[in-house]
There are 2 protein chains.
Amino acid sequence: MKSIDRPTMKDVALRAHVDISVVSRVLSQDPRLSVTAATRARVENAVRELSYSPNRSARALRTSKSGLLTFVLPQIANPLYLRMVSGAVQKAKDLGYQLVVAELTHAAEQLREYQASGIDGILLATGGLDEDQLGEWMEGQMPVVVVNRTLENSENWSSVDYPRAATLAADHLGSLGHRHVMVLTGPEKLPGWSARSDAFRAVLGDHETVEIRASGLYADQGYAAAAEILARRQGETAVFVTSMMLAVGLLKGLRESGVSVPEDLSVIALHDDDLANYVSPPLTTVALPMYQLGQLSVAQLVNMIDDKKEGPIVVTDPPQLVVRGSTGPPGER
Amino acid sequence: MKSIDRPTMKDVALRAHVDISVVSRVLSQDPRLSVTAATRARVENAVRELSYSPNRSARALRTSKSGLLTFVLPQIANPLYLRMVSGAVQKAKDLGYQLVVAELTHAAEQLREYQASGIDGILLATGGLDEDQLGEWMEGQMPVVVVNRTLENSENWSSVDYPRAATLAADHLGSLGHRHVMVLTGPEKLPGWSARSDAFRAVLGDHETVEIRASGLYADQGYAAAAEILARRQGETAVFVTSMMLAVGLLKGLRESGVSVPEDLSVIALHDDDLANYVSPPLTTVALPMYQLGQLSVAQLVNMIDDKKEGPIVVTDPPQLVVRGSTGPPGER
DNA sequence: TTGAAAGCGCTAACAC
DNA sequence: GTGTTAGCGCTTTCAA
């Protein structure tokens, strides 16, 4: 399959009766441009008439910038990341980049591959790695933004406002009358994660709060955690889950154990997805602006590529409480 | 942020005491290579010592092949497509390509953009467009594979074996004792879709089968269809749903109408996802090899790019019945 | 304000 | 079997 020859800058130059370099200047919107209005118009006409668009490979070679960003995900088939990717795709397009997706497999060798592959920067979404493992990524010469978590030894991260979201969840449970609440959270003792439970406890828990760690972030690990929750429960009337898919699994576990939600136990989770409507009972959540997180992370990365200073990003769009059926007053039964 | 200068082919050539063109030949594994074993070894050593990897932009410019494939999706945030994308990413990497993801928005203008953006080919997953709308994509000079559906006027499509999957579903319901079954299917009268219900009817339905068309393929449209299903139901004891997310919504609709599944009505759906475990009752499905579909579609596309003849692809990995809680004998209550 | 020219790193046709 | 060379399409310095 052969693609028809597209017009080059030379063709445009010929048609506009100018030198190819003039075309280049007009197209690159050089700030200190020195082009007559007339010349510029001729060039722009020629571009339009030929429906010329620059050859990305040539530009990439010349400028040593590929115009490619890679979004590295722990596993693509995870609904949690989809809105983020969607936002990232949109923003990348706006900024003239294309977004390549990749799955994180062998961290170390993979980084080398990326460096070899000529991409301009990396978005790294991988809550599971600790800061040591992340080290080699951050120290490489390639711009990297770690998405959806905080970092202590680097400013190259972006996140949504988990403390605020956790506070919203705590307020909701508090206003319902809950005083004793368990926390179901992710597997690792990572800074981003403890921030979620800490903020939560700051509102609700002057007393001791039982915190259960699931062994992962997916529904099956939430399902597995149900048993531990029930075993360690001592009068708690609600569970705060720090990541939605865990709650989806938990709901199933509780159902099978004959615990009714929310009469016996209320459940609220961070992150929202259409899916929350379809579990039973529908899951009360705090929705977080993941689409915007994707967008802003790309913007941040591109700034790094352009050598503009850029600190960490926290998306300011406020989290939204979405009340569905899984929360209610305590001990209603 | 400045990336350190990577070694070029020239550096390798210098170190191996050969001409740059020899390096090129060794690296491109030219079939009719004419290189001494010794020279080849020297080159390979130099490559290793410098950890050289070719500059993709330069190669792209020279060969006018970017090494980029774009996967166009109707909406990224749809679990249905995830495994496909995952398989495609994996295969693309194996074949030396990178996979760019994009969302389908304005079909017409977008195609032009792709042509301008220098990608080598397109995977198009968009069950919603009819063959006319697809026309401009197929007729362009760019290789396009339409993924997950059949086409009548083109061979450039790939699909899983929906008829076989539908047959599996029908067999399951049949062996359970169901004789009167409704079909809930997608919105359009597309060839790929009628194949699903036709195959199903071939097994079960000598008699007339009521077919309900949902207005989309997502859970909310399945939810909306519940009312119509119940209104038009005349003794049917099961529903065959041609796409999983519809069934997820349907289950909720039935639950809210007080219909118990599977006692009052069995539900079985095409496509499987972990999610099916977490709805209530767990959904019986026929799992389809979507990961392999992603892989094979990429292979097919790359063959087109390489001018190798390639007909349509139907993934041969067999569909698998996954019995969960939503199917049972009719009228058990 | 515009033109000329070099060269980014690589491949491939051709010469030796 | 190996080297020479032209040039892919573009950006950018320098000269006019």
Side-chain angles (χ1 to χ4, degrees), chain A residues 2-44 46-47 50-67 96 115-118 120 306, chain B residues 2-44 46-47 50-67 96 115-118 120 306:
Chain A
K2 198 133 288 164
S3 57
I4 293 169
D5 284 345
R6 297 202 287 125
T8 74
M9 211 168 244
K10 200 172 163 190
D11 299 321
V12 176
L14 243 45
R15 183 176 254 263
H17 303 290
V18 292
D19 188 83
I20 170 177
S21 63
V22 175
V23 179
S24 177
R25 274 171 229 147
V26 171
L27 262 58
S28 61
Q29 331 193 158
D30 195 319
R32 70 235 197 292
L33 34 52
S34 38
V35 186
T36 331
T39 330
R40 160 179 299 274
R42 285 214 312 287
V43 170
E44 284 168 348
V47 165
L50 297 173
S51 57
Y52 165 81
S53 61
N55 179 315
R56 294 181 76 114
S57 303
R59 179 175 285 177
L61 175 58
R62 184 56 232 235
T63 61
S64 24
K65 292 205 174 312
S66 63
Q115 282 166 188
S117 74
D120 295 337
D306 294 344
Chain B
K2 197 133 288 162
S3 57
I4 292 169
D5 283 346
R6 297 202 287 124
T8 74
M9 211 167 242
K10 200 171 162 191
D11 298 322
V12 176
L14 241 45
R15 182 176 255 263
H17 304 290
V18 291
D19 188 84
I20 170 178
S21 65
V22 174
V23 179
S24 177
R25 271 170 231 147
V26 171
L27 261 58
S28 61
Q29 335 193 157
D30 194 320
R32 70 237 198 293
L33 33 53
S34 37
V35 186
T36 335
T39 332
R40 158 179 301 274
R42 284 215 311 288
V43 170
E44 284 168 348
V47 165
L50 298 173
S51 56
Y52 165 82
S53 61
N55 179 314
R56 293 181 77 116
S57 304
R59 180 176 283 176
L61 175 59
R62 181 60 231 231
T63 61
S64 27
K65 291 206 175 311
S66 63
Q115 282 166 187
S117 74
D120 296 337
D306 294 342

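Predicted model only: the values in this text are computed from it and were never measured. Each chain gets a letter, A, B and so on, in the order its sequence line appears, and its residues count up from 1.
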Which is it for Val26(B) and Val23(B) under the side-chain contact (heavy atoms from CB on, under 4.5 Å) test, yes or no, and what are the steps along the way?
CA-CA 5 Å; Val26(B) 171; Val23(B) 179; 5.8 Å; no
In whole Å, what is the span from the CG atom of Asp11(A) to the P atom of dC10(D)?
9 Å
Starting from C1' on dT2(C), measure out to NE2 on His17(A) and report it in whole angstrom.
15 Å
Heavy-atom pair with the smallest gap, counting every atom of Leu27(B) and Tyr52(B)
CD2-CE2, 3.3 Å
Excluding sequence neighbours, so at least two apart, what forms side chain to side chain donor-acceptor pair (under 3.5 Å) with Ser21(B)?
Asp19(B), Arg25(B)
Can you name the side chain to side chain contact (heavy atoms under 4.5 Å, CB included) partners of Thr36(A), sequence neighbours left out?
Ala38(A), Thr39(A)
Residues that Ser53(A) engages under side chain to side chain contact (heavy atoms under 4.5 Å, CB included), provided they are two or more places apart
Arg6(A), Ala116(B)
CG-OG1 distance between Asn55(A) and Thr8(A), expressed to the nearest 0.5 angstrom
9.0 Å
Under 4.0 angstrom, heavy atoms only, what part of the nucleic acid is Thr8(B) near: base, sugar-phosphate, or nothing?
sugar-phosphate
To the nearest Å, how far apart are Lys10(A) NZ and dC8(D) C1'?
11 Å
Listed partners of Arg15(B) passing side chain to side chain contact (heavy atoms under 4.5 Å, CB included), at least two apart
Ala46(B), Glu49(B), Leu50(B)
Without decimals, in angstroms, what is the distance between Leu27(B) CG and dT11(C) P?
8 Å
What's Ser24(A) touching, base or sugar-phosphate or nothing? Going by heavy atoms closer than 4.0 Å.
base
Nearest-Å distance, NZ (Lys65(B)) to P (dA12(C))?
11 Å
Between Ile20(A) and Arg42(A), whichever has its closest DNA chain C nucleotide further toward 5' is Arg42(A)
Distances under 3.5 Å between protein N/O atoms and the N/O atoms of nucleotides 14-16 of chain C, please, pair by pair.
none

Arg59(B): side chain to side chain contact (heavy atoms under 4.5 Å, CB included) partners, not counting sequence neighbours:
Pro54(B), Thr63(B)
For Ile20(B) and Lys10(B), work out which heavy atoms get closest and say how close.
CD1-N, 4.5 Å
Please tell me if Ser21(A) has a side-chain N or O lying less than 4.0 Å from either OP1 or OP2 of dT11(D).
no
Is it the case that the base of dG1(D) and the side chain of Thr36(B) share a donor-acceptor contact (distance under 3.5 Å, atom types as modelled)?
no
The correct set of residues in residues 55-63 of chain A placing a heavy atom under 4.0 Å from DNA chain C is Leu61(A), Arg62(A)
What residues, two or more places apart in sequence or in another chain, satisfy side chain to side chain donor-acceptor pair (under 3.5 Å) together with Ser66(A)?
Asp120(A)
List in chain and number order the residues that pass salt bridge (charged side-chain N to carboxylate O under 4.0 Å, His left out) with Arg42(B), two or more places apart in sequence or in another chain; answer none if no residue qualifies.
none
Taking five pairs at each terminus, the helix from dT1(C)-dA16(D) to dC16(C)-dG1(D) shows an axis bend, to 10°, of 40°
